[in-house]
Amino acid sequence: MHAALRRAREAAAMILGLGLLALICLGWTPFALVLGPLMPEASGKRLGRQAIHSCFRFYVWLLERLCGCRFDLRALDELARQSGPMIIVANHPSLLDAVLLVSRLPNAVCIMKAALMHNLLLGAGSRLARYIVNDAPLPMIRRAIAEIKSGDGARLIIFPESTRTSAPPVGPCSATAGLIAARAGVPVQALVIEMSTPYLGKHWPLFRPPSLPLAVRVRYVGQMHVDGASAHRFGDDIHARFAHALKETRHV
């Protein structure tokens, strides 16, 4: 009986959590669709990023209050208090990762798959915020460098695994963030995301409930200075750093 009640509660929390995200994104989409063609790029970008930041922050608050989630995001709050542009890299265990990072980092800009730019829930808001598409490597790198050098303190978020972790604790990593850091002259801030349950991970079906409480911690694991000589081995370097940090993970 208790097990059945627990499973029912977890299923209800999952449905509520996914439904709230859909409602929040759909609520902003009409405004983003209208404002996108009308606003100048700079002001549209600022509004779009602030809106996504505020919406995701509200969503994370709802997950904590209504859906049995526990988030330790103090490392992100510390980064948010720092001024100037930065490149932030993290492992990618779940679909929740970008939501959590953007919820705490103002003026965040994400590198996204091209298909997501046309997604019903995320597309219009992402286009207004001038998120970067990863369909062509050289234009993507140029746009990322331009964001870092724009002078408005952008926080560029990159998941070096490029997709959700396929083989825990961390999958193969690309050197893209290192190349951008070397050319932009900005260090990389490395984070690891730790989860009590691999909810919404690569091999987790969308409608499979998590085990509650779902606990997620984002931990800062250091700053990396990248130059031209070390940029091309950045993928191996960040993979090793992630793997070492996750090996030391305590239960979250």
Side-chain angles (χ1 to χ4, degrees), residues 20-63 71 73-90 92 94-135 139-160 176-177 180-181 184 186-189 191 193 218:
L20 286 170
L21 180 60
L23 285 173
I24 289 170
C25 291
L26 286 173
W28 173 238
T29 291
F31 297 98
L33 282 171
V34 172
L35 294 171
L38 299 177
M39 297 188 70
E41 180 173 341
S43 53
K45 180 170 70 173
R46 283 194 299 271
L47 175 63
R49 292 179 187 176
Q50 181 58 47
I52 295 174
H53 168 68
S54 299
C55 287
F56 282 178
R57 192 177 185 95
F58 178 54
Y59 176 61
V60 169
W61 181 84
L62 289 174
L63 290 179
F71 300 114
L73 306 179
R74 289 173 292 180
L76 294 176
D77 293 332
E78 179 61 32
L79 282 177
R81 286 190 285 269
Q82 298 180 23
S83 60
M86 61 182 68
I87 298 172
I88 297 163
V89 300
H92 197 5
S94 169
L95 288 174
L96 286 175
D97 303 334
V99 172
L100 296 177
L101 269 57
V102 174
S103 77
R104 286 301 194 274
L105 297 171
N107 197 19
V109 54
C110 298
I111 294 179
M112 299 176 60
K113 293 180 179 178
L116 291 177
M117 284 293 187
H118 304 285
N119 180 278
L120 175 64
L121 297 179
L122 304 173
S126 299
R127 293 193 298 272
L128 179 63
R130 302 305 194 271
Y131 283 178
I132 299 170
V133 181
N134 72 351
D135 55 347
M140 175 193 72
I141 290 172
R142 290 193 191 104
R143 278 202 62 196
I145 294 170
E147 280 289 345
I148 292 297
K149 292 185 171 182
S150 65
D152 61 1
R155 282 79 184 269
L156 180 67
I157 295 173
I158 301 177
F159 296 106
T176 302
I180 295 169
V186 174
V188 173
Q189 311 296 336
L191 305 167
I193 301 170
V218 178

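Note that the structure is predicted; figures quoted are calculated from it, not measured.
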Open item on the list: Within the structure provided, determine whether Leu26 and Leu121 are in side-chain contact (heavy-atom separation under 4.5 Å).
Closed with: yes
Task: Sidechain N-carboxylate O distance under 4.0 Å for Asp152, Lys45 - done: yes
Open item on the list: Could you check whether any side-chain N or O of Arg49 sits under 3.5 Å from a backbone N or O of Val109, counting only pairs where one atom can act as donor and the other as acceptor?
Closed with: no
Open item on the list: For Ile157 versus Ala108, what's the shortest heavy-atom pair and its separation?
Closed with: CD1-CB, 3.8 Å
Task: Verdict with reasoning, Leu100 to Phe56, per side chain to side chain contact (heavy atoms under 4.5 Å, CB included) - done: CA-CA 7 Å; Leu100 296 177; Phe56 282 178; over 6 Å; no
Open item on the list: Tell me which one of Val218, Val102, Ile88 satisfies side chain to side chain contact (heavy atoms under 4.5 Å, CB included) with Leu76.
Closed with: Val218
Task: Heavy-atom pair with the smallest gap, counting every atom of Val60 and Phe71 - done: CG1-CD1, 3.5 Å
Task: Derivation and outcome, side chain to side chain contact (heavy atoms under 4.5 Å, CB included), residues Cys110 and Ile52 - done: CA-CA 11 Å; Cys110 298; Ile52 295 174; over 6 Å; no
Open item on the list: Is there a side-chain contact between Ile193 and Leu101 in this structure, where contact means two heavy atoms from C-beta onward sitting under 4.5 Å apart?
Closed with: yes
Open item on the list: Let me confirm one number: the CG-SG distance from Leu20 to Cys25, rounded to the nearest 0.5 Å.
Closed with: 11.0 Å
- [ ] With rounding to the nearest 0.5 Å, note down the distance linking CG in Leu35 to CH2 in Trp28.
- [x] 5.5 Å
Task: Under 3.5 Å donor-acceptor, Arg143 side chain and Arg130 backbone - done: yes
TODO: Can you measure from NE2 (His92) to CD1 (Ile158) and round to the nearest 0.5 angstrom?
DONE: 12.5 Å
- [ ] For residues Glu147 and Ile132, report the shortest heavy-atom separation together with the two atoms involved.
- [x] CG-CD1, 4.1 Å
Open item on the list: Counting C-beta onward and ignoring hydrogens, is there a side-chain heavy-atom pair between Val133 and Met140 closer than 4.5 Å?
Closed with: no
Open item on the list: Looking at every heavy atom in both Ala129 and Gly48, which two are closest together, and how far apart are they?
Closed with: CB-C, 3.8 Å
- [ ] Would you confirm whether Arg155, through its side chain, and Asn107, through its main-chain N or O, come within 3.5 Å as a donor-acceptor pair?
- [x] no
- [ ] Would you please test Leu156 and Ile111 for side chain to side chain contact (heavy atoms under 4.5 Å, CB included) and show each step?
- [x] CA-CA 8 Å; Leu156 180 67; Ile111 294 179; 4.1 Å; yes
Open item on the list: When you compare the side chain of Lys149 with that of Val186, does any pair of heavy atoms fall below 4.5 Å?
Closed with: no
Task: Shortest non-hydrogen contact from Ser103 toward His53 - done: O-CE1, 3.1 Å
- [ ] Work out which heavy atom in Ala114 is nearest to a heavy atom in Asp135; give both atom names and the distance.
- [x] CB-CB, 4.1 Å
